[in-house]
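Structure first, commentary second.
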Amino acid sequence: MFPRGFAWGAATAAYQIEGGWQADGRGASIWDTFCHGTGRVWGDQNGDVSCNSYELWEEDLKCILRLGLTHYRLSVSWARLLPEGTTQRVNHKGVQYYNKLIDGLLAARVTPMVTLYHFDLPQALQDRGGWKSPDIAALFDGYARFCFQTFGDRVKLWITINEPYVCAKLGHEDGVHAPGLKEPGVAAYLAGHNMLRAHASAWHSYHSIFRPKQKGLVSLGLNSDWSEPLDRDRAEDIAAAQRSIAFTLGWFAWPVFVTGDYPEVMRTCIEANGRKHNYAGESRLPFFSKDEPAVLGTADFFALNYYTSRKVTTAGGRLDSLSVKSDVDVQEVVDPSWPICGVSWLAVVPDGLRKLLSYIKKNFGDPAIYITENGFAQVGPLEMRDVQRAEFYKQTISEVAKAITEDGVNVCGYFAWSLMDNFEWADGYSARFGLFHVDFSHEKRTRTIYHSGKEYAKLIQKAQC
Ligand code: GAL
């Protein structure tokens, strides 16, 4: 059912697994600063040590081999490579670390997919305005070029920025992710805009300077829930579902894959809500400049992170504020028939992924799609025999198979989130997403395969026969 060469992977991110936060000259990132404050993360936990993959990367490699993965998605830490964020000072120990890891993967015949930015901005650049500053696009481009130059002889699959939606909204509007800003209705759109500018600059650099020789592919990692109308026959609910997807996936995918600008419905909603609140400043949703590298066409494949679905209806103007939430004006409902896994936001809806894949095929020009994240968390009593998660993967992967064979979607790969339990952002270590259990109380951070890991390995093996 799966095409030859289909990528079977698992994903991780630097801050969530590496630890070694001060090792060998790594600079601080915004997540170090965020976690070292109080009252922000579950139990005031942090990623100082986490899975200690900085020292134990060979243990990770063993896990990857045990699963029989063909691909592994990792992220490199900007502040580990460039402690102040710029190429003026390179941390050669950081370069060595990723060289060892990449070479280790290749020697084991595992293809690396590398994310340049997974939420962890160098603190030194946050001090210069972070994602709200227009200068960040050129700074990111400098970092991206450095990575292409240093690792691009061996890495052929790149993600520039992971989940710009989450960085923009949770980091700059809700304040529940680093840098913890709560500036509703303005900062998220500005930060998101600069992420798109940064991504576009890096894609153009790769395309003109590195691609001719390195021949790799570059995209950005986009997350989206699947939204469907609460009442399929009600026009308001249908419109609410369209708005909801436009304000998550469309926000970043529309400029890159369709028009070079944001979805029209975002502009109209944001302007209308601004008028309602007598907002007199410049447009809260910035415009792309014709003098800068075009954002349209800057993805060589579609990278999708899917976790959950929602039924939606109109909020009818009840969320009365100048905020993204109020701009989109949608009320979300979790269908009572959908089981909730460990974390409260994650209702398990495997067929939502199939629907979202068809939506992407239809609206974004039938691109090659990698599902770069999808997973299920355990919270509370720990079960090594995690049958629910095993069942979740089985069902979800069967929906992916249907998307390929019945709907003709060009899916090229699937990456489970995550290889092993790790630091789950504001939830700390309370939510376990791993295919391997990690003993965080033990110095060796022992990794032990869960039942779901064994089942995922079997599934990969079967799919390749
Ligand atoms: C994504 C994120 C991952 C991981 C996952 C599970 O938003 O990219 O880092 O934490 O969610 O919540």
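Residue numbers count from 1 along this sequence. This one's a predicted model, so the numbers in the text were calculated from it and none came from an experiment. Note that ligands are numbered from 1 as they come in the structure, with each ligand's atoms numbered from 1 the same way.
- Judged by the 6.0 Å distance and 45° axis criteria, Arg389 is positioned over the aromatic ring of Tyr450.
- The aromatic rings of Phe392 and Phe376 are tilted relative to each other, their planes meeting at an angle between 30° and 60°.
- Comment: Asp351 does not engage Lys402 in a salt bridge, judged by the lack of any side-chain N to carboxylate O separation of less than 4.0 angstrom.
- The aromatic rings of Trp31 and His177 stand perpendicular to each other, their planes meeting at an angle above 60°, with 30° marking the opposite boundary.
- Annotation: cation-pi geometry satisfied between Arg80 and Tyr54 (NZ/CZ under 6.0 angstrom from ring centroid, within 45° of ring axis).
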Using a 3.5 Å cut-off on N/O to N/O, what pairs does ligand 1 make with the protein? A line per pair would be great.
residue, atom, partner, partner atom, Å
ligand 1, 7 (O), Glu163, OE1, 2.4
ligand 1, 7 (O), Glu163, OE2, 3.0
ligand 1, 8 (O), His118, NE2, 3.1
ligand 1, 8 (O), Asn162, ND2, 3.0
ligand 1, 8 (O), Glu163, OE1, 3.4
ligand 1, 8 (O), Glu163, OE2, 3.4
ligand 1, 8 (O), Glu373, OE1, 3.1
ligand 1, 8 (O), Glu373, OE2, 3.0
ligand 1, 9 (O), Gln16, OE1, 2.8
ligand 1, 9 (O), His118, NE2, 2.8
ligand 1, 9 (O), Trp425, NE1, 3.0
ligand 1, 10 (O), Gln16, NE2, 3.2
ligand 1, 10 (O), Glu424, OE1, 2.7
ligand 1, 10 (O), Glu424, OE2, 3.4
ligand 1, 10 (O), Trp425, NE1, 3.0
ligand 1, 12 (O), Glu424, OE2, 2.5

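- Ion pair Lys169/Asp174 flagged as a salt bridge, since at least one NZ, NE, NH1 or NH2 atom sits closer than 4.0 Å to an Asp/Glu carboxylate oxygen.
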